[in-house]
Amino acid sequence: MVNADVAAMFNDVADLLELQGASVFRIRAYRNAARMLGDLGQSVQALMEQGKDLDALPGIGADLAQKITTIVHTGKCPLLEQLRAQVPPGVVELLRIPGIGPRRARALQQALGIRTLEDVQRAIADGRLRKVRGFGLKTQQRISESITARRQADQRFRLPMAMEVAATQLASLSAEPGVLQVQAAGSLRRRRDTVGDIDLVAAVRPGSTVTRRFAAAPGVTTVLAKGPTRASVVLANGMQVDLRCVPAESFGAALLYFTGSKNHNIALRQRALDAGLKLNEYGLYRGDRRIAGDTEASVYEALGLPLIEPELRESRGEIEAALDHRLPDLITLDALKGDLHTHTRDSDGGDTLATMAQAARTRGWEYMAVTDHSSRLALAHGLDAGRLAQQIDRIDALNERLRGFVVLKGIEVDILPDGSLDLPDDILSRLDLVVGAVHSAFDLPRERQTDRLLRAMDHRSFSILAHPTARLIGDRAPCEIDLQRVIRKARERGCFLELNAQPTRLDLNDVACRMAKDEGVLLSIASDAHNTLDFEHLRYGIGQARRGWLGPGDVLNTRSLEALRTLLAGTIEKLPSGSSCRAVTQVPLPMP
DNA sequence: GCCGTTTTCGGCCCGACTGTTTTCAGTCG
């Protein structure tokens, strides 16, 4: 039983309570608890085994602590089973349709016995829904369209597409008369790994009619809402874009509000109330007088806080950290001094060794590691020991010619299902670094998958675990692994984990990055570039790293070449005794 | 259902837009 299982049960309870018309605060308590468990970074089961009190966790009181204990022990949540017995299966699905909330879902079920989306569409088609109070023609049409859209569309989009769409919208809005300033907010600004819709905030002159033209722009297929200050549209590519317009003096407050997260806003507003103030998207008010709001910083300052970076606004302790003056100094792209995971034409890359090196050098870096695939990945034309040896010679020759830049010799070696590495030890020991990765047997049971990684990390040449969970966003779920054990193993071994910056991977994710930071394990933020353009992926990786509270000191490839070499050498020197790996140089153990 | 040096009870963020409810509930963000 892992946190995600408990969280899923609590979310199900919240859905069902919603359908029953329970108190919104009770529902929120379950949702908050579910979210907290997902973000926690350590397993509740482990906490219980250590004898820790669960009700010390934020949002967990006596009741939820008891329920968590029961779920961990029995795998069951009695309340959930009871609620499920009261609500026909399928009705919960209705809540996922925009336009159907708990009241309408209940009305559908009670008046017409509707349980599924198909039932809804039939009832619309044969006119039965018209007789139900609260379902006018427009509402029916909206619901019908939402159901169709849901069938076709993936609900969340990856960052590159979201950023491109946002950039296009921002460009056209900036050119609108009456628009003084416009910026993207929402989860895009917080750099979440996927984005559900795009939120734009504009400062406009009084009387601006920009929402009207925004909703009538080419590319808009559906107008969900349109008023004088806000409009919501769906574009032909399926993406929803929301525009909110405010006067210039409210721009900061509006940006703050529409950047979220929702829970961060709730916490800020509560803090305002505690100080006898009121915070909304127009500003921070004492009575009727606005005391802040033109910039985000002005609002934070008036609430006694330093500016909290958007990536931290997830209600994961950032406000408390701000009050204690221990907000992290977040990493930036220009802090990187090199890239430790790249490919060339020798395996499945598109550019030559020399071209990649030149592009990396042009970025102002000190180094770049070439880490082509190993032979197991035949699809990628992976290197066997012989071809790798040739590549090593070519890199040596290239380094002779380069000035002020070094190509490090590496490999992205397959971690085989038994945890062994896909190349012989003698060739691996000639490399500057060995990046290990899983590219097969993704569905091993949790225990075996974890053991596989731990065994690989015990190899004397192992340096960095690449894309540790092997997830592909929207395509492949993360492997089942005990991340806490993997992180602790890395600390023990002195080796490192990767934050793969490919926008389809972003692996480790934000929460896992923070776990690694908390355990003192450095991360390699790596582009996994397969051509020179892919170095641009790093900005997505930086976004996730910032969400994981990482500073420059938490990242391996902010180090100078000299410091990096020392750290990489440490992965070998800390080899524990009794390892299954072949020892080339035996390190004497200190006597007790 | 949680939480608390103003509270162990009575709070719990706040506003826009839509539709059909002739004065506001439902939904969303």
Side-chain angles (χ1 to χ4, degrees), chain A residues 10 13-14 17-19 21-36 54-68 79 94-108 130-143 146 185-190 195-201 211 215 222-233 240-246 250 253-285 293 299 303 315:
Chain A
F10 283 175
V13 167
L17 286 174
E18 226 176 353
L19 283 170
S23 150
V24 292
F25 303 109
R26 189 177 172 210
I27 295 162
R28 184 189 295 172
Y30 280 99
R31 295 217 192 277
N32 281 342
R35 204 180 54 86
M36 185 278 299
L54 295 180
D55 60 8
L57 295 170
I60 304 296
D63 182 90
L64 289 180
Q66 181 58 51
K67 287 195 168 77
I68 294 171
L79 172 63
L94 303 180
L95 290 178
R96 313 274 177 257
I97 301 302
I100 302 184
R103 307 277 182 156
R104 285 185 178 143
R106 211 150 24 120
L108 288 170
R130 190 74 188 89
K131 301 188 185 75
V132 184
R133 186 181 166 86
F135 290 87
L137 276 178
K138 291 224 173 172
T139 302
Q140 291 188 42
Q141 191 184 351
R142 165 138 195 248
I143 290 172
S146 297
S187 53
L188 179 64
R189 183 162 179 242
R190 302 201 314 278
V195 172
D197 59 17
I198 292 180
D199 296 297
L200 305 174
V201 178
T211 55
T222 312
V223 178
L224 298 172
K226 181 180 61 175
T229 69
R230 73 184 298 170
S232 269
V233 302
Q240 182 177 329
V241 186
D242 298 340
L243 172 65
R244 180 62 206 261
C245 301
V246 293
S250 296
L255 191 58
L256 183 63
Y257 173 52
F258 283 92
T259 297
S261 66
K262 181 180 158 130
N263 282 297
H264 181 82
N265 286 339
I266 289 175
L268 286 183
R269 287 178 178 200
Q270 187 58 56
R271 188 169 168 78
L273 284 176
D274 292 346
L277 307 171
K278 187 177 81 162
L279 177 61
N280 60 27
E281 59 263 53
Y282 296 107
L284 182 65
Y285 294 84
V299 177
L303 290 173
S315 191

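Note that these values count all heavy atoms, side chains included, but never hydrogens, waters or copies made by symmetry. In what follows, every chain begins at residue 1, and chains take the letters A, B, ... in the order their sequences are listed.
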Polar-atom pairs under 3.5 Å, protein N or O versus N or O of nucleotides 24-26 of chain B: list them with distances, or write none.
none

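The C1' atoms of B/dT8 and B/dC3 are separated by 9 Å, rounded to the nearest whole Å. Comparing the same atom, C1', in B/dG11 and in B/dA16 gives a spacing of 25 Å after rounding to whole Å. Comparing the P positions of B/dT20 and B/dC28 gives a spacing of 15 Å, expressed to the nearest Å. Comparing the C1' positions of B/dT18 and B/dG10 gives an interatomic distance of 33 Å, to the nearest angstrom. For the C1' atoms, the distance from B/dG29 to B/dC13 is 12 Å, rounded to whole Å. Here, B/dG1 and B/dT6 have their P atoms 28 Å apart, quoted to the whole Å.
Side-chain contact between A/Asn265 and A/Tyr257: present, with at least one pair of heavy atoms (C-beta onward) separated by less than 4.5 Å. Residues A/Glu281 and A/Val201 have side chains not in contact (no heavy-atom distance under 4.5 Å, counting atoms from C-beta outward). Counting heavy atoms from C-beta on, the side chains of A/Thr259 and A/Arg190 come closer than 4.5 Å.
With a 3.5 Å ceiling on both atom-pair distances, B/dT8 lacks any Watson-Crick or G-U wobble partner.
At whole-Å resolution of the value, CE in A/Met36 and C1' in B/dC2 are 12 Å apart. The distance between atom CG of A/Asp197 and atom P of B/dC28, rounded to the nearest whole Å, is 13 Å. As rounded to whole Å, 7 Å separates atom P of B/dT20 from atom CG of A/Leu137. Atom pair A/Ile198:CD1 and B/dC28:P shows a separation of 20 Å (rounding to whole Å applied). Here B/dT27 presents its P atom at 9 Å from CG of A/Leu95, a figure rounded to the nearest Å. Remark: C1' of B/dC2 and CD1 of A/Ile68 are 13 Å apart, rounded to the nearest angstrom.
Contacts of A/Ile27 with the nucleic acid, taken as non-hydrogen atoms under 4.0 Å apart, are absent.
Looking at which nucleotide of DNA chain B each of A/Phe135 and A/Asp63 is closest to, the 5′-most match is held by A/Asp63. Taking for each of A/Tyr30 and A/Arg130 the nucleotide of DNA chain B with the nearest heavy atom, the 5'-most of the two is the partner of A/Tyr30.
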Just by protein heavy atoms under 4.0 Å, how would nucleotides 4-17 of chain B read 5' to 3' in B, S and -? --------BBBSSS
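The two atoms that bring A/Ala253 and A/Tyr282 nearest to each other are CB-C, 3.8 Å, heavy atoms only. When every heavy atom of A/Leu64 is checked against every heavy atom of A/Ala33, the shortest pair comes out as CD1-CB, 3.8 Å. When every heavy atom of A/Thr211 is checked against every heavy atom of A/Arg230, the shortest pair comes out as CG2-N, 3.9 Å.
Side-chain atoms of A/Arg244 never come within 3.5 Å of backbone atoms of A/Phe258 as a donor-acceptor pair (strictly under, hydrogens ignored). The closest donor-acceptor contact from the side chain of A/Asp199 to the backbone of A/Ala185 lies at 3.5 Å or more, if one exists at all.
The environment of CZ in A/Arg103 is sparse: at most 12 heavy-atom neighbours from other residues, nucleotides or ligands sit within 6.0 Å.
Residues meeting the salt bridge (Lys or Arg N to Asp or Glu O under 4.0 Å) test with A/Asp55, sequence neighbours left out: none.
By the rule that a glycosidic angle within 90° of 0 means syn, B/dT6 does not qualify and counts as anti.
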